[in-house]
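One-based numbering, in listed order, for ligands and for the atoms of each. Values in this document were obtained by computation on a predicted structure and should not be read as measured data. FYI, the numbering just counts along the sequence from 1.
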Amino acid sequence: MALKNKYLIDLLETVKKRNQGEPEFIQAVTEVIETLEPVIEKRPDLVEAGVLDRLVEPERQIVFRVPWVDDNGKVQVNRGFRVQFNSAIGPYKGGIRLHPSVYIGIIKFLGFEQVFKNSLTTLPMGGGKGGSDFDPKGKSDGEVMRFCQSFMTELCKHIGADTDVPAGDIGTGAREIGYMFGQYKRLRNEFTGVLTGKGLTYGGSLARTEATGYGLCYFTNEMLKANGKSFEGKTVVISGSGNVAIYATEKATALGAKVVALSDSNGYIYDPDGIDLACVKQLKEVERKRIKEYVSTHPNATYTEGCKGIWTIKCDIALPCATQNEIDGESAAILVKNGCWCVSEGANMPSTPEAINTYLANGILYGPAKAANAGGVATSGLEMSQNSERLSWTFEEVDAKLHGIMVSIFNACDSAAKEYGMEGNYMAGANIAGFLKVAEAMKAQGCV
Ligand code: NDP
């Protein structure tokens with residue numbers, strides 16, 4: 001989409017100059033700015049208040065050394081990050097990513113998206129994100145613990161239950177959150193809801209583990225219903241085999257679909273009989289093995305090296321749940337050619353701009369990540385509420401609230417898209433609805 005508004009063109013130029021070498025961040029900002037053009041035309045007061053100029057600059061960026069000792073007694077050094085992006089509507093909130101590809105540009109793109117996503121949940125949460133280039137894969141529990149303790153030793157100076165509440169993301173699951181929470185409690189002598197995604201024995205919320213995957217399917221189901229369709233009898237391809245992918249598979253199957261493929265960063269499995277999720281859970285959640293092991297117990301299934309090929313499998317609905325930019329223009333065109341008519345995003349920014357253009361040009365029902373995967377952070381917000389109340393709700397209560405939130409997110413995207421003359425463009429709707437709440441709060445709070 002080519003921008004016409006001079007103010008937005010200049011703003012984007014400034015962002016590009018100021019954030020050189022951070023293509024993912026520039027990509028995320030560009031997408032949002034392009035869809036906000038009609039809002040800016042209608043709301044000169046927001047330009048006057050410098051809302052957008054402030055919104056594209058994080059409030060605070062913290063970068064730190066994380067030294068730890070491996071099992072051979074050797075000192076290892078990683079780099080830690082926390083970007084506190086925007087606190088206009090609540091304490092900073094967003095996950096911690098542990099993956100070798102992490103650098104400041106990845107954390108900034110995720111933190112920027114988080115601002116809009118958290119706004120869409122209707123809960124009072126600002127946006128932030130953190131992480132490290134540490135790779136938990138192949139490390140012993142002791143190594144992961146020593147890393148997490150060192151990471152938290154610095155991070156604890158910058159977070160708190162009313163300041164900034166981190167959570168999980170790629171590479172940060174229940175084990176890592178447990179080690180980080182333990183170290184925070186020890187250093188601060190405080191038992192507070194400073195992290196979400198905690199274990200159920202120490203303040204975690206039921207249904208948090210399932211929330212992002214379930215929420216993705218709840219959102220997608222609303223989008224399908226609004227367009228006279230459903231999951232019933234449909235063939236679904238899901239990338240990844242981590243937290244989001246596993247629970248998206250579970251819910252899509254419960255809603256009547258057949259999930260035929262999953263992947264990890266080495267390759268993908270295809271099972272025409274439908275994925276045996278109990279086997280995947282055992283492999284990934286318990287044994288921490290690679291997805292290719294699946295085929296040794298499922299003779300009808302095949303394993304193919306490389307991730308990209310998963311998008312050549314014929315399907316009705318594609319749910320990318322692995323990582324950013326995993327569907328490029330070429331893969332999107334293959335999906336369309338093979339009859340896929342819905343793409344809904346569990347991962348953050350999994351589609352390149354070329355892929356998104358292909359969806360929009362071909363009338364694909366497109367559920368953008370900010371809206372479609374907001375169920376994880378929404379349920380983290382519910383975990384914070386339970387921690388503050390010193391109560392815990394049942395699985396059914398949390399799941400019902402999650403469902404209600406995902407329905408309201410879909411309705412907000414749908415209405416905003418219609419109001420600004422882009423009916424059916426849920427990406428524009430998500431950006432606009434998420435933006436307006438934050439923008440009003442920023443304007444009301446003055447130039448801070
Ligand atoms: P996990 O670490 O549990 O799983 C990630 C999965 O994606 C793994 O199967 C992993 O394979 C694969 N993957 C990771 N990086 C790559 C890569 N570069 N190329 C190909 N595959 C890759 O993470 P989550 O399931 O929690 O997160 C998945 C996505 O969902 C991320 O984009 C995350 O930001 C997003 N998300 C997560 C939320 C949550 O609540 N967990 C909330 C909202 C969004 P391998 O094991 O080989 O690395």
Side-chain angles (χ1 to χ4, degrees), residues 24 28 93-102 106-107 109-111 113-114 116-118 120-121 127 129-131 134-138 166-177 195-197 204-205 207-216 219 238-249 261-269 280-281 283-285 287-294 305-311 319-328 331 344-351 367-383 402 406:
E24 298 85 359
K93 178 95 197 86
I96 291 174
R97 177 172 292 192
L98 300 181
H99 193 273
S101 63
V102 164
I106 294 275
I107 301 299
F109 114 67
L110 290 163
E113 299 240 304
Q114 198 81 46
F116 302 87
K117 182 187 309 194
N118 294 3
L120 282 170
T121 66
K129 198 80 188 189
F134 174 78
D135 187 358
K137 270 205 288 284
D169 190 73
I170 290 179
T172 306
R175 173 181 62 171
E176 291 75 16
I177 292 288
L195 288 161
T196 57
S205 173
R208 174 61 188 92
T209 305
E210 293 82 356
T212 310
Y214 278 23
L216 168 66
F219 177 93
I238 299 183
S239 61
S241 50
N243 173 264
V244 181
I246 285 175
Y247 292 95
T249 302
L262 286 175
S263 63
D264 60 22
S265 54
N266 294 107
Y268 65 91
I269 52 165
V280 174
K281 283 186 180 178
L283 285 174
K284 301 305 279 191
E285 294 185 332
E287 298 171 18
R288 295 182 190 275
K289 287 193 173 153
R290 308 306 298 160
I291 198 69
K292 72 172 172 202
E293 302 288 337
Y294 181 93
E305 275 294 319
C307 307
K308 215 178 145 181
I310 194 169
W311 307 119
L319 304 177
C321 294
T323 194
Q324 65 275 353
N325 291 329
E326 54 173 311
I327 305 186
D328 58 14
S331 294
S344 200
E345 300 178 333
N348 283 309
M349 205 169 76
S351 307
K370 282 185 202 79
N373 74 23
V377 73
T379 308
S380 279
L382 301 178
E383 183 173 330
L402 166 66
M406 298 316 293

Protein contact to [atom] [nearest heavy atom, distance to 0.1 Å]:
atom	value
atom 22 (C) of ligand 1	S265 CB, 3.8 Å
atom 39 (C) of ligand 1	T212 OG1, 3.3 Å
atom 19 (N) of ligand 1	T323 CG2, 3.7 Å
atom 14 (C) of ligand 1	I170 CD1, 4.1 Å
atom 3 (O) of ligand 1	N243 N, 2.9 Å
atom 9 (O) of ligand 1	S241 N, 2.9 Å
atom 15 (N) of ligand 1	H99 NE2, 3.6 Å
atom 2 (O) of ligand 1	G171 N, 3.0 Å

[X] near ligand 1 by a heavy-atom separation under 4.0 Å:
X	value
G168	no
R97	yes
G197	no

Side chain proximity check, H99 to I106, heavy atoms < 4.5 angstrom: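 When only atoms from C-beta onward are counted, I106 and H99 do not touch, as no gap falls below 4.5 Å.
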
K284-ligand 1 polar pair, N/O distance under 3.5 Å: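 No, there is no polar N/O contact under 3.5 Å.
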
Test of proximity, D169 against ligand 1: N or O pairs below 3.5 Å: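 By distance alone, the answer is yes.
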
Between D169 and T172, a side-chain donor and acceptor under 3.5 Å: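 Per modelled atom types, D169 and T172 side chains form no pair under 3.5 Å.
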
Donor-acceptor pair between R208 and S380 side chains, under 3.5 angstrom: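 R208 vs S380: donor-acceptor pair found between side chains.
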
Just go through [options] and tell me whose heavy atom is the nearest to [atom].
atom	options	answer
atom 28 (C) of ligand 1	A322, G242, A347	A322
atom 48 (O) of ligand 1	E113, E345, K137	K137
atom 37 (C) of ligand 1	N266, L110, V244	V244

Distance-only, no hydrogens or angles: does the [X] side chain make a donor-acceptor pair with backbone N or O of [Y] under 3.5 Å?
X	Y	answer
D264	I291	yes
S241	S263	yes
N118	K93	yes

Heavy-atom distances under 4.0 Å decide this one: backbone, side chain, both or neither, for [X] against ligand 1?
X	value
C307	side chain
A374	neither
R290	side chain
S263	backbone

Gap separating the CD atom of E345 from the CD atom of E326, nearest 0.5 angstrom: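 So the CD of E345 and the CD of E326 are separated by 8.5 Å.
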
More than 12 heavy atoms of other groups within 6.0 Å of K292 NZ: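 No - once you tally the heavy atoms of other residues, nucleotides and ligands closer than 6.0 Å, there are 12 at most.
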
